[in-house]
Amino acid sequence: MSTRSENTGIAKKVGHAIVNAGNLPGQNPKKSIKSAGLKHSTDQKAVREAANTRVCGEVFGIESDVFHNSCAFIQKVRQGVSGNVLRMAVEEIGNRDFFVELMGSDSSNFSRFYKKDRLNDLQGEQILDTLRVFVLAREVFQDKNIADDWISSPIVALGCKPIELCTNFEGRRLVRNTLAKIERGEFS
């Protein structure tokens with residue numbers, strides 16, 4: 001299998017067909033594959049692979065590979081995360097109070113983090129791990145607004161809002177596991 005970049009996202013060659021698995025709003029890679037004329041039973045593996053293709057580029061000012069590859073994640077933590085990443089996350093997600101709590105700060109001096117060229121490793125890892133939850137939610141729901149609503153709404157299976165669990169490692173793991181179940185179609 002080979003891949004090639006296009007202006008609209010990532011195109012993936014599946015057999016003889018090129019399937020767009022890019023990041024166009026509202027685009028469903030599974031539908032793109034079906035419209036490319038792939039057979040239903042023998043091509044199920046191709047459907048799964050293309051649907052699981054991750055979008056290349058940047059998310060929150062960081063290469064998206066960092067959120068999907070453990071080695072890239074560790075390397076980014078070691079290189080350092082700038083306060084600008086935190087600023088971009090607060091602006092895009094829009095929940096400043098959540099990030100104030102995540103960073104163990106208070107609201108009056110929180111903006112000092114934005115000015116740092118490099119946050120300490122623990123802070124950087126916390127931010128990246130938290131953003132990984134948001135990235136996964138957007139991939140599972142294939143829509144930023146739906147994902148953000150899900151993260152901010154009470155979920156019976158979790159006993160609270162997912163965002164309330166995202167201030168510590170174990171809570172983020174629980175939310176990621178719940179998202180993985182949703183992605184697999186397990187809604188219990």
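Listed for the Glu92 side chain is no donor-acceptor partner under 3.5 Å among the backbone atoms of Phe60. The closest donor-acceptor contact from the side chain of Asp106 to the backbone of Asn109 lies under 3.5 Å.
Closest heavy-atom contact between Thr167 and Arg172: C-NH1, 3.6 Å. The two residues Val175 and Cys166 have their closest heavy-atom pair at CG2-SG, 4.2 Å. Scanning both residues, Ile62 and Leu128, for their nearest heavy atoms gives CD1-CD2, 3.1 Å. Of all heavy-atom pairs spanning Gly124 and Leu119, the tightest one is N-CB, 4.3 Å. Looking at every heavy atom in both residues, Asn168 comes nearest to Gly171 through OD1-N, 2.7 Å. Of all heavy-atom pairs spanning Val59 and Ser64, the tightest one is CG2-CB, 3.9 Å.
For Phe67, there are no ring pair (Phe, Tyr, Trp, His ring centres under 6.0 Å) partners, not counting sequence neighbours.
Phe169 and Ile127 fall into different hydrophobic clusters, defined by Ile, Leu, Val, Met, Phe, Trp and Tyr side-chain heavy atoms under 4.5 Å apart, directly or through other members. Residue Val81 is not grouped with residue Ile74 when hydrophobic side chains (ILVMFWY) are merged at heavy-atom distances under 4.5 angstrom, including chains of intermediate members. Connection of Leu131 to Ile146 is established within a shared hydrophobic cluster, with ILVMFWY side chains joined at heavy-atom distances below 4.5 Å, either directly or through further cluster members. Tracing side-chain contacts under 4.5 Å through hydrophobic residues (I, L, V, M, F, W, Y), one reaches Val85 starting from Phe110; they form part of the same cluster.
Once rounded to the nearest 0.5 Å, the distance linking CG of Leu165 with CG of Leu174 reads 6.0 Å. Interatomic distance, Asp97 CG to Leu102 CG, rounded to the nearest 0.5 Å: 12.5 Å. Rounded to the nearest 0.5 Å, atoms NZ (Lys161) and CD1 (Ile155) are 10.5 Å apart. Within the model, atoms CD1 of Ile163 and CG of Leu158 stand 13.0 Å from one another, a figure rounded to the nearest 0.5 Å. Note that the CD atom of Glu164 and the OG atom of Ser152 stand 9.5 Å from one another [nearest 0.5 Å].
Between Val135 and His68 the shortest side-chain heavy-atom distance falls below 4.5 Å. In this structure the side chain of Phe99 reaches within 4.5 angstrom of the side chain of Ile93, judged on heavy atoms. The side-chain heavy atoms of Glu125 and Phe73, taken from C-beta on, include a pair separated by under 4.5 Å. Using a 4.5 Å cut-off on side-chain heavy atoms (C-beta onward), Trp150 and Ile182 make contact.
Checking Leu86, Asn84, Val90 one by one against Met88, the side chain to side chain contact (heavy atoms under 4.5 Å, CB included) holds for a single residue, Asn84. Of the residues listed (Arg176, Lys181, Glu183), the one engaging Val140 in a side chain to side chain contact (heavy atoms under 4.5 Å, CB included) is Glu183, and it is the only one.
Atom CD of Glu101 has 12 or fewer heavy atoms from other residues, nucleotides or ligands within 6.0 Å.
Using a 4.0 Å cut-off between charged side-chain N and carboxylate O, Lys76 and Asp65 make no salt bridge.
Applying the salt bridge (Lys or Arg N to Asp or Glu O under 4.0 Å) test to pairs two or more places apart or on separate chains, those with a residue in residues 78-88 are Arg87-Glu91.
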Run the side-chain contact (heavy atoms from CB on, under 4.5 Å) check on Phe98 and Thr130 step by step: do they pass? CA-CA 11 Å; Phe98 165 73; Thr130 301; 3.6 Å; yes
side-chain contact (heavy atoms from CB on, under 4.5 Å) between Arg138 and Asp148: does it pass, once the steps are laid out? CA-CA 8 Å; Arg138 291 173 183 184; Asp148 291 350; 3.5 Å; yes
